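Accompanying notes for the structure given below.
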Amino acid sequence: MGYIYGIMPPIPPLRPFEGVNPVKPHITLVKLRRRVQVEVKYRQFVVTLGPVVLLPSPSRPRYIALKAEPYGELAALRTLLVASIGDAVEERHVEFRPHLSLYAIRLKHPTQEDLAPAMEEASKYIGVAFEVKAIYLIDTTEGLYMPVYMVPLHA
């Protein structure tokens with residue numbers, strides 16, 4: 001993976017656990033094949049973080065995340081981005097499940113016990129709400145998640 005358009009919320013760095021490493025907290029809206037700068041017109045809105053989810057599934061977890069709402073606002077913003085980006089979009093037909101990624105699971109076959117400390121840490125952010133004033137083109141090379149371009153949203 002090289003670039004994404006996403007949201008960078010005001011979440012402080014998380015502590016690591018054995019076999020479970022924190023990632024820079026982010027909500028991925030669109031994955032890209034290459035770097036593309038776009039302008040979209042969309043309003044600012046508030047995201048609220050929901051329950052802890054294991055992705056891609058509870059039986060084969062690779063990430064610990066929090067559900068992100070409102071789905072409608074995030075999906076509409078994603079649709080605008082996909083239309084603006086064109087053929088640089090890496091995934092067009094994947095089900096969009098908005099979430100805030102917090103941890104990458106590095107264990108082969110983790111148990112609930114293995115994941116419990118990180119899931120408990122993630123659960124501290126359930127109910128946190130923040131205003132989305134911009135989205136970012138983010139360089140994900142080597143897991144750094146560095147914003148390289150900002151698209152402001154309108155008040």
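Bear in mind the structure is a predicted one, so any value in this text is a computation, not a measurement.
- Atoms CE and CD1, from Met150 and Ile135 in turn, are 10.5 Å apart once rounded to the nearest 0.5 Å.
- Using a 4.5 Å heavy-atom cutoff, the side chains of His99 and Lys67 are not in contact.
- Clustering ILVMFWY residues whenever any of their side-chain heavy atoms sit less than 4.5 angstrom apart, transitively, puts Tyr71 in the very cluster that holds Val128.
- Within 6.0 Å of atom NE2 in His109, 12 or fewer heavy atoms from other residues, nucleotides or ligands are found, so the atom counts as exposed in its surroundings.
- Cluster annotation: Val148 is connected to Tyr5 through the hydrophobic network of ILVMFWY side chains, with a link wherever side-chain heavy atoms come within less than 4.5 Å.
- In the hydrophobic clustering of this structure, Val36 groups with Tyr3; members are Ile, Leu, Val, Met, Phe, Trp, Tyr whose side-chain heavy atoms approach within less than 4.5 Å, directly or through other members.
- Cluster membership check: Val46 does not share its hydrophobic cluster with Tyr136, using side-chain heavy-atom separations under 4.5 Å among Ile, Leu, Val, Met, Phe, Trp and Tyr.
- The shortest non-hydrogen separation linking Ser84 to Val38 is O-CG1, 3.9 Å.
- Scanning all heavy atoms of the two residues, the minimum distance from Pro25 to Pro9 falls at O-CD, 3.4 Å.
- Side-chain contact check for Tyr149 versus Ile138: every heavy-atom pair is 4.5 Å or farther apart.
- Looking at every heavy atom in both residues, Val89 comes nearest to Arg33 through O-NH1, 2.9 Å.
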Q. Passes side-chain contact (heavy atoms from CB on, under 4.5 Å), Ile11 versus Leu49? Steps please.
A. CA-CA 11 Å; Ile11 302 286; Leu49 302 176; 4.3 Å; yes

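- Taken to the nearest 0.5 Å, the OH atom of Tyr103 stands 11.5 Å off from the CE atom of Met119.
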Q) When you look at Thr48 and Phe130, which way does the side-chain contact (heavy atoms from CB on, under 4.5 Å) test go after all the steps? A) CA-CA 7 Å; Thr48 302; Phe130 58 91; over 6 Å; no

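- The minimum heavy-atom distance linking Arg35 with Gln37 is given by the pair NH2-NE2, 3.5 Å.
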**Q.** Criterion side-chain contact (heavy atoms from CB on, under 4.5 Å) on Phe45 and Leu77, from CA distance to verdict
**A.** CA-CA 11 Å; Phe45 60 97; Leu77 184 52; 4.0 Å; yes

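- In terms of modelled atom types and a separation under 3.5 Å, the side chain of Tyr125 and the main chain of Leu100 share no donor-acceptor contact.
- Evaluation of the salt bridge (charged side-chain N to carboxylate O under 4.0 Å, His left out) rule for Glu120 yields no partner, not counting sequence neighbours.
- Between Lys41 and Glu39 no salt bridge is recorded (no basic side-chain N to carboxylate O distance below 4.0 Å).
- Nearest heavy atom pair, residue Pro110 against residue Pro61, reads CG-CG, 3.8 Å.
- The line from OH of Tyr63 to CD1 of Ile105 is 9.5 Å long, rounded to the nearest 0.5 Å.
- Note: Leu54 CG to Arg60 CZ = 13.5 Å, rounded to the nearest 0.5 Å.
- With values rounded to the nearest 0.5 angstrom, Leu81 atom CG is found 10.5 Å from Tyr42 atom OH.
- Interatomic distance, CG of Leu102 versus CG of Leu66, reported as 5.0 Å (0.5 Å rounding).
- When all heavy atoms of Tyr145 and Thr140 are compared, the pair lying nearest together is CE2-CG2, 3.5 Å.
- Using a cut-off of 4.0 Å between Lys/Arg side-chain N and Asp/Glu carboxylate O, Arg34 and Asp87 are scored as salt-bridged.
- Every residue two or more places apart in sequence or in another chain was checked for a salt bridge (charged side-chain N to carboxylate O under 4.0 Å, His left out) with Lys108, and none qualifies.
- Among Ile7, Val132, Thr79, the one residue that satisfies the side chain to side chain contact (heavy atoms under 4.5 Å, CB included) test with Leu74 is Ile7.
- Cluster annotation: Leu153 and Ile85 are assigned to the same hydrophobic cluster (Ile/Leu/Val/Met/Phe/Trp/Tyr, side-chain heavy-atom contacts under 4.5 Å, transitive).
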**Q.** Stepwise side-chain contact (heavy atoms from CB on, under 4.5 Å) check, Asp114 with Val20
**A.** CA-CA 9 Å; Asp114 294 332; Val20 183; 6.0 Å; no

